[in-house]
There are 2 protein chains.
Amino acid sequence: MRAMGDLEIRRATAEDLPAIVSMLADDPLGAQRESPDDLSVYRAALERLDADPNQHLVVAVREDRVIGTLQLTVIPGLSHQGATRALIEAVRIHADERGSGLGSLLIEWAIDTSRQLDCRMVQLTSDKSRTDAHRFYERLGFSATHEGFKLRL
Amino acid sequence: MRAMGDLEIRRATAEDLPAIVSMLADDPLGAQRESPDDLSVYRAALERLDADPNQHLVVAVREDRVIGTLQLTVIPGLSHQGATRALIEAVRIHADERGSGLGSLLIEWAIDTSRQLDCRMVQLTSDKSRTDAHRFYERLGFSATHEGFKLRL
């Protein structure tokens with residue numbers, strides 16, 4: 001948990017699910033693949049997240065309103081001399097808060113937390129259509145050194 | 001564990017570390033970042049992997065020789081209606097076995113295992129310099145839909 005001014009970044013709970021899913025769906029890509037009217041699948045997923053100590057699903061909250069979310073996964077590994085890495089997924093900022101700097105605060109939280117957890121690398125993928133996001137991550141120090149491959153099952 | 005002809009894909013153990021690290025180092029990128037003469041850091045990393053039930057570090061073995069390795073991470077999540085995804089990392093094939101089809105068998109093992117573990121997506125990133133690997137993943141059904149960002153800490 002971290003407080004920044006009146007902003008708090010803390011672990012997500014079941015009470016936060018409506019707000020999180022609403023943000024996941026409020027997006028050109030997310031609108032096609034989320035079901036905010038049926039939260040049961042998200043509740044089951046939150047239980048899987050809570051059962052895994054390497055998962056850190058957080059929300060950014062200001063004045064009791066959930067205005068951002070991000071999932072950080074800690075991944076041990078052998079390569080890079082046994083380096084643990086961190087993976088960022090599902091970054092979303094409430095539409096009212098975009099451009100406010102909240103995205104940077106969330107990613108900086110993720111980077112700081114990764115460092116505290118002895119991760120040697122932070123990684124993420126971003127859909128090739130999200131060109132604004134790519135500039136955003138480059139400003140934060142990330143390099144687009146890799147191709148990101150996906151296969152739906 | 002799965003046997004294919006005389007090939008077996010099974011969970012990696014501490015006894016496999018010299019062979020795995022040798023493969024990690026036998027690579028234009030890996031040569032600069034691995035330390036095969038000091039296995040202690042890899043032993044500690046293997047303990048972290050073994051402690052995490054969502055980690056599947058495997059080796060491909062033929063006639064008692066380790067000839068391939070791959071790490072599969074199962075990642076629960078909220079997006080895509082609570083979809084769990086799988087991440088493939090650290091794919092290596094012994095130099096003597098490249099072009100033998102072993103890489104395809106390993107990735108197909110990872111895809112099948114991901115399906116059995118109810119994952120709805122398999123993802124991986126590949127350094128932009130590894131253009132042969134990109135064609136290989138596309139032949140196996142993957143699409144390079146994402147930019148892969150990395151930040152070293």
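Chain letters run A, B, ... following the sequence lines, proteins first and then strands; every chain starts at 1. The analysis underlying the following values was restricted to heavy atoms, covering all of them including side chains, and did not include hydrogens, waters or symmetry mates.
Side chain to side chain, A:Asn54 and B:Asp52 meet the donor-acceptor criterion of an N or O pair below 3.5 Å.
In this structure, no portion of A:Leu39 lies under 4.5 Å from any heavy atom of chain B. Residue A:Arg120 touches chain B through its backbone alone, counting heavy-atom pairs closer than 4.5 Å. Contact of A:Gln81 with chain B is made through backbone and side chain together, with heavy-atom distances under 4.5 Å. Neither the backbone nor the side chain of A:Arg130 comes within contact range of chain B; no heavy atom of the residue lies under 4.5 Å from a heavy atom of that chain. For A:Thr69, no part lies near chain B; criterion is any non-hydrogen pair under 4.5 Å. Both the backbone and the side chain of A:Ile75 come within contact range of chain B, judged by heavy atoms closer than 4.5 Å. No part of A:Ala44 comes within reach of chain B, as not one of its non-hydrogen atoms sits under 4.5 angstrom from that chain. For A:Gln71, the part sitting under 4.5 Å from any heavy atom of chain B is the side chain, from C-beta outward, and nothing else.
Contact record, A:Tyr42 with B:Leu78: CE2-O, 3.1 Å, taken as the closest heavy-atom pair.
For the pair B:Glu34 (side chain) and A:His80 (backbone), a donor-acceptor distance under 3.5 Å is present.
A:Arg33 CZ to B:Ser79 OG: the interatomic distance, rounded to the nearest 0.5 Å, is 6.0 Å.
Within the 4.5 Å cutoff, side-chain heavy atoms of A:His146 are placed close to those of B:Asp127.
Ring-plane geometry between B:Phe142 and A:Phe149 is classed as perpendicular, the angle between the planes exceeding 60 degrees on a 0 to 90 degree scale with a lower cut at 30.
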